[in-house]
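The structure appears below as structure tokens.
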Amino acid sequence: MTRMITIGAAQLGPIARNESREEVVDRLLALLRRGAEFGCELVVFPELALTTFFPRWYLDEGGPTGIGGDTTELDSYYEIEMPNPATKPLFDEAKRLAVGFCLGYAELTPDGHRYNTYMLVDRAGDIVGKYRKVHIPGHENYEPWRQFQHLERRYFEESPDGFSVFPAFGGIVGMAICNDRRWPETYRVMGLQGAEMILIGYNTPLNYAPDPSQNPLQSFHNQLVMQAGAYQNGTWVVGVAKGGIEEGVESLAQSVIIAPSGQIVAQATSIGDELISVACDLDMCDRYKKTLFDFDRYRRPEMYHLITSTDGPQALVDGHEIVFGEDDDVAAGTALADPTGVHGIEITTPTDDSRDDSHEDHADATPEGSTP
């Protein structure tokens with residue numbers, strides 16, 4: 001019998017800095033109920049769905065060594081328990097409607113760890129899975145040259161847990177958050193565990209400060225990585241945005257539901273609160289998992305050791321670093337194929353002195369005016 005599940009992607013519009021949890025939860029409840037009307041069994045909310053995207057501001061008094069001083073406002077954006085009094089109505093309504101959900105929020109653990117977290121709740125209102133963001137983008141210290149800060153690396157720790165999958169909703173469910181979607185390893189690690197649904201929430205500003213040439217490509221890149229991840233791993237992918245202009249920062253919307261074929265089968269058309277839904281055939285995954293992407297038959301793990309044995313993008317071949325000589329137009333592919341020193345390429349063994357770790361550090365700048 002075909003395994004069908006109707007999934008809703010519950011896109012959110014902007015959340016104001018002074019918007020209360022209760023106000024936001026009311027919006028989530030409206031989307032959950034709309035999902036029930038559409039026959040959804042699972043509704044997926046975005047990353048940091050309970051608050052504004054607070055890492056755009058410098059919110060503590062510490063310096064380069066880390067968070068310090070008055071953290072009253074910063075701490076107010078985190079959840080110390082789940083459910084809590086503000087979010088319990090969402091759990092109760094999920095149980096009443098028999099509609100599960102996936103919710104992104106900032107987590108502050110009892111021992112002081114801060115994570116960007118996704119939580120999976122089943123149709124009985126019970127928590128059945130938790131994921132903490134692996135690939136943390138942005139920067140650690142105040143950078144005055146930016147129009148707005150991207151201090152995720154200051155206010156969130158990298159996950160110590162990695163990518164897990166959970167048996168739920170009649171299939172195998174994985175989760176990822178925002179920047180995770182840009183890395184092929186995200187999908188492959190869950191694909192190797194048999195993932196049939198990968199749920200991804202994101203807050204993506206249209207202004208990418210380190211390289212503005214990418215700004216007009218935000219939508220293209222967003223769809224590119226999720227469609228490729230779905231196709232190459234034979235899985236449904238649900239990408240859900242918090243979009244629109246939030247506290248002066250415009251973010252991408254365009255929430256999507258993508259089939260294991262890599263095709264977009266539903267897409268949001270607004271930049272505000274909106275629910276899209278699709279009846280997903282989980283057995284469609286096998287059309288790809290058991291043919292083109294039959295991992296057991298076709299993968300060559302012994303050929304992929306560089307993926308986990310190198311820390312950076314430097315070209316390394318058996319512990320040697322490739323340094324281009326006079327023929328600077330030689331393709332990197334040729335260099336890798338011919339590590340003998342010909343074609344104008346010199347092979348050197350890297351030393352600590354040969355690595356340039358210098359970079360411009362704005363950490364000492366005073367963050368005046370960083371919090372409007």
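We number each residue from 1, following the sequence as shown. Just so it is clear, the values below take in all heavy atoms, side chains as well, and ignore hydrogens, waters and symmetry mates. This structure is a prediction, so every number in the text was calculated from the model and none was measured.
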From CA spacing to verdict: salt bridge (Lys or Arg N to Asp or Glu O under 4.0 Å), Glu79, Arg21: CA-CA 10 Å; Glu79 315 303 319; Arg21 291 289 198 290; 2.6 Å; yes
side-chain hydrogen bond (donor to acceptor under 3.5 Å, both in side chains) assessment of Asp70 paired with Thr72: CA-CA 6 Å; Asp70 184 0; Thr72 302; 2.6 Å; yes
Stepwise side-chain hydrogen bond (donor to acceptor under 3.5 Å, both in side chains) test for Ser20 and Glu23: CA-CA 5 Å; Ser20 70; Glu23 290 174 303; 3.2 Å; yes
Steps toward side-chain hydrogen bond (donor to acceptor under 3.5 Å, both in side chains) verdict (His135, Asp180): CA-CA 5 Å; His135 301 102; Asp180 290 325; 2.8 Å; yes
Audit row: Arg27, Glu22, salt bridge (Lys or Arg N to Asp or Glu O under 4.0 Å) steps and yes/no: CA-CA 9 Å; Arg27 292 168 59 184; Glu22 289 75 16; over 6 Å; no
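The CG atom of Leu199 sits 7.0 Å away from the CE atom of Met175 when rounded to the nearest 0.5 Å. Put simply, CD on Glu250 and CG on Leu252 are 9.0 Å apart, with the number rounded to the nearest 0.5 Å. Distance check, rounded to the nearest 0.5 Å: CD1 of Ile7 to SG of Cys280 gives 4.0 Å. In this structure, Leu48 CG and Leu103 CG are separated by 9.5 Å, a value rounded to the nearest 0.5 Å. The line from CE of Met82 to CG of Leu90 is 9.0 Å long, rounded to the nearest 0.5 Å. One distance of note links SG of Cys40 with CG of Leu31; it measures 10.5 Å at 0.5 Å rounding.
Thr52 and Glu247 are not linked by any side-chain donor-acceptor pair at a separation below 3.5 angstrom, with hydrogens and angles left out of the test. Using modelled atom types and a 3.5 Å distance limit, the side chains of Asp211 and Ser213 yield a donor-acceptor pair. Residues Gln223 and Gln267 bring a donor and an acceptor atom of their side chains to less than 3.5 Å of each other. Checking Ser219 against Asn222 by side-chain atom types alone, no donor-acceptor pair falls below 3.5 Å.
Checking side-chain atoms of Thr109 against main-chain N and O of His113 turns up a donor-acceptor pair under 3.5 Å. In this structure a side-chain-to-backbone donor-acceptor pair under 3.5 Å is missing from Arg297 to Asp294. Panel note: side chain Glu157, backbone Arg114; a donor-acceptor pair is recorded below 3.5 Å. In this structure, the side chain of Ser255 engages the main chain of Ala241 through a donor-acceptor pair within 3.5 Å. Judged by distance alone, the side chain of Arg153 and the main-chain N or O of Ile136 form a donor-acceptor pair under 3.5 Å. Between the Lys289 side chain and the Ala195 main chain, a donor and an acceptor come within less than 3.5 Å of each other. Checking side-chain atoms of Glu19 against main-chain N and O of Ile15 turns up no donor-acceptor pair under 3.5 Å. Side-chain atoms of Glu196 come within 3.5 Å of backbone N or O of Ile172 as a donor-acceptor pair. Within the 3.5 Å criterion, the main-chain N or O of Ala98 finds a donor-acceptor partner in the side chain of Arg123. In this structure, Gln193 contributes its side chain and Val189 its backbone to a donor-acceptor pair below 3.5 Å.
Contact detail for Ala168 and Val128: the closest heavy-atom pair is CB-CG2, 4.3 Å. Closest non-hydrogen pair, Met284 versus Pro260, comes out as SD-CD, 3.8 Å. Considering all non-hydrogen atoms of both residues, Phe169 and Met197 come closest at O-CE, 4.2 Å.
Using a cut-off of 4.0 Å between Lys/Arg side-chain N and Asp/Glu carboxylate O, Glu37 and Arg34 are scored as not salt-bridged. One finds no salt bridge joining Asp92 and Arg96 here, because no Lys/Arg side-chain nitrogen approaches an Asp/Glu carboxylate oxygen to under 4.0 Å. Ion pair Glu47/Lys133 flagged as a salt bridge, since at least one NZ, NE, NH1 or NH2 atom sits closer than 4.0 Å to an Asp/Glu carboxylate oxygen. No salt bridge links Lys88 with Glu93; every basic N to acidic carboxylate O contact stays at or beyond 4.0 Å. Between Lys130 and Glu107 there is a salt bridge, with a side-chain nitrogen of the basic residue lying less than 4.0 Å from a carboxylate oxygen of the acidic one.
Tyr187 and Ile264 fall within a single hydrophobic cluster, where Ile, Leu, Val, Met, Phe, Trp and Tyr are joined by side-chain heavy atoms under 4.5 Å apart, directly or via other members. Phe38 and Phe101 fall within a single hydrophobic cluster, where Ile, Leu, Val, Met, Phe, Trp and Tyr are joined by side-chain heavy atoms under 4.5 Å apart, directly or via other members. Grouping the Ile, Leu, Val, Met, Phe, Trp and Tyr side chains by contacts below 4.5 angstrom, directly or via other members, places Trp236 with Val240. By the criterion of side-chain heavy atoms lying less than 4.5 angstrom apart, applied directly or through intervening Ile, Leu, Val, Met, Phe, Trp or Tyr residues, Val121 is not grouped with Phe166; the two fall into different hydrophobic clusters.
Counting only heavy atoms from C-beta outward, the side chains of Thr204 and Ser251 never approach each other to under 4.5 Å. Put simply, the side chain of Arg299 reaches to within 4.5 Å of the side chain of Leu192, judged on heavy atoms.
Geometrically, Arg188 does not engage Trp183 in a cation-pi contact defined by less than 6.0 Å to the ring centre and at most 45° from the axis.
Partner His150 forms a side chain to side chain donor-acceptor pair (under 3.5 Å) with one of Arg146, Arg154, Glu152 and no other, that one being Glu152.
Taking the six-membered ring where the residue is Trp, the centroids of Tyr105 and Tyr118 are separated by 6.0 Å or more. In summary, the aromatic rings of Phe293 and Tyr288 are positioned with their centroids too far apart to meet the 6.0 Å limit.
Ring planes of Phe54 and Tyr155: tilted class, angle from 30 to 60°. Classification of the Phe163-Tyr131 ring pair by plane angle, with boundaries at 30° and 60°, yields parallel.
Judged as a side-chain contact (heavy atoms from CB on, under 4.5 Å), and not counting sequence neighbours, the contacts of Ala253 are Gln11, Ile271.
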